[in-house]
Engineer: 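Structure provided below as structure tokens; questions to follow.
Residue numbers start from 1 in every chain, and the chains themselves are labelled A, B, ... in the order their sequence lines are given, proteins ahead of strands.
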2 protein chains.
Amino acid sequence: MEAPANDGGASISTLGYALLGVLARGPRSAPELVAALANPVGFFWNALHTQIYPELVRLERAGLVTHELLAPRGRRSTKRYAATEAGRAALAAWASAPVPMDPDRSRFMLKVYSLWLAEPPAAAHLLREHERLHAERLATYEAIEAEMRRSGAAEEPVTSPRFAAYATLRRGIGYEREYVAWCRWLAERFEAAAGG
Amino acid sequence: MEAPANDGGASISTLGYALLGVLARGPRSAPELVAALANPVGFFWNALHTQIYPELVRLERAGLVTHELLAPRGRRSTKRYAATEAGRAALAAWASAPVPMDPDRSRFMLKVYSLWLAEPPAAAHLLREHERLHAERLATYEAIEAEMRRSGAAEEPVTSPRFAAYATLRRGIGYEREYVAWCRWLAERFEAAAGG
DNA sequence: TCCCTCATGTAAAAGGTTACATGATTTA
DNA sequence: TAAATCATGTAACCTTTTACATGAGGGA
């Protein structure tokens, strides 16, 4: 039951699956793909256009996507990409194949590990600033969730792309909520040490 | 109040700060550093020996660490590294300097975004397996926390390296707890779709 | 017309993983 | 003594970021 893709043995990078993941939901122009990956796909993968353009070429050579030229009136023509059957098949196979755990890397947490060397007020300030950034993102995610719920994405079947987006959003919300709470807890400890 | 490091303008990589973060707690042999970074430092940064050895050379050239040769009886000699005053100063400055948010990247979450294409039983299996991995790690972290609490790390002042390690561990626990709960929630949805 | 932005790239550098190498020591 | 392991690297490769480039359109 092999897909008839002529991939010549080229393996697909994670970015390739990110792009296929968007294109599996419908055709997109290159600028739309660039915009989609500027804010992380599924809330957990992003990329810049400098990486996206060459990857699209590779995916097309592997027979996983195709493109056509669009000529919107009065504007420059852009490329509109679409996943091929082989592309969808490759994506589906990849999606349910086992993965090793993601490495948990965070420059910020690495700083915290050495924050005992800093002046407590400076440390508290750093933590409050980080709390603010994550609280902002949490608010954004919660607004998206409200919108998704209103449109019924939460109740769609697990075979629906909108439910998948909702599921990843739920993880993003849980992640940010926990992060904000933790920042607050630690900031309070440093503030108590500084001001107490 | 400049540190007199002769770094020749060479900037320190994140890995460099990870190594300094360990060495700020006391001298370590190269194999000890390799072991320390095999399991992530502060639970959120890891590296392999192939990256560590060259980085130690760079840090030493920048005057941030020094080494001496140890000749344990009957064993090969190994290098014992220590942070210099300049190294500690650079680490302290870096630790409280503001950072942009870490990119939240997860191959697994990217899969979930495309999991609507998979067979629900296969998707459920993938999620249960992931839940198991994170539950295992959570259990490990909770055991470490119990040990830390018993030894009083949680009550030490914020200027203590042991409290810093405890703080990062708290974040690791919150992260894993939330992750496990989310995996369970989504696995149930796929199982209901498969078995119901 | 001049400038700015957009769509589309290329190139170099930085960060990280995988594969390979080697002499010393320890274990079977 | 042969085989496995350890400490210490080097080299190639892959991924991602940063810097640079360029022609087409639209706006001032």
Engineer: Phosphate oxygens OP1/OP2 of C:dC6: is one of them under 4.0 Å from a side-chain N or O of A:K79?
Structural biologist: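 For C:dC6, neither OP1 nor OP2 has a side-chain N or O of A:K79 closer than 4.0 Å.
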
Engineer: With a 4.5 Å cut-off on side-chain heavy atoms, are A:E156 and A:Y166 touching?
Structural biologist: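 They are not in contact (no side-chain heavy atoms under 4.5 Å apart), so the answer is no.
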
Engineer: For B:H49 and for A:S13, locate the closest nucleotide of DNA chain D by heavy-atom distance; then report the residue assigned to the nucleotide nearer the 5' terminus.
Structural biologist: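 With B:H49 and A:S13 compared, the 5'-side residue is B:H49.
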
Engineer: So for B:T50 and C:dT18, does any side-chain atom that can act as donor or acceptor lie under 3.5 Å from a complementary atom in the base?
Structural biologist: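 Pair found.
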
Engineer: Remember a base hit wins even if backbone is also touched, and classify A:A47 as base, sugar-phosphate or nothing at under 4.0 Å, heavy atoms.
Structural biologist: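 No contact.
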
Engineer: Calculate, to the nearest 0.5 Å, the distance between atoms CG and CH2 belonging to B:L127 and B:W185 respectively.
Structural biologist: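 Atom-to-atom, B:L127:CG and B:W185:CH2 are 10.0 Å apart.
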
Engineer: Nearest-Å distance, CG (B:L33) to C1' (D:dA7)?
Structural biologist: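 Going from CG in B:L33 over to C1' in D:dA7 covers 13 Å.
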
Engineer: Measure the distance from CZ on B:R107 to C1' on D:dT16 and round it to the nearest whole Å.
Structural biologist: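 About 11 Å, once rounded to whole Å.
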
Engineer: Could you check how far CD of B:E55 sits from P of C:dG15, rounded to whole Å?
Structural biologist: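 Roughly 8 Å, once rounded to whole Å.
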
Engineer: Counting only side-chain N and O atoms of A:R105, is one of them less than 4.0 Å from OP1 or OP2 of C:dG15?
Structural biologist: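 Checking A:R105 against C:dG15: no side-chain N or O falls below 4.0 Å of OP1 or OP2.
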
Engineer: CD of B:Q51 versus C1' of C:dT17: gap in Å, rounded?
Structural biologist: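 Atom CD in B:Q51 sits about 8 Å away from atom C1' in C:dT17.
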
Engineer: For A:Y53 and C:dT8, is the shortest distance between a side-chain N/O and OP1 or OP2 below 4.0 Å?
Structural biologist: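 Yes, A:Y53 has a side-chain N/O under 4.0 Å of OP1/OP2 on C:dT8.
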
Engineer: Please state how far atom CD1 in A:I52 lies from atom P in C:dA7, giving the value in whole angstrom units.
Structural biologist: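 From A:I52 CD1 to C:dA7 P: 13 Å.
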
Engineer: Rounded to the Å, how far apart are B:R58 CZ and C:dA14 P?
Structural biologist: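 Atom-to-atom, B:R58 to C:dA14, this comes out as 10 Å.
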
Engineer: Just how far, in rounded Å, is P of D:dT16 from CG of B:D102?
Structural biologist: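 One finds 16 Å between P of D:dT16 and CG of B:D102, rounded.
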
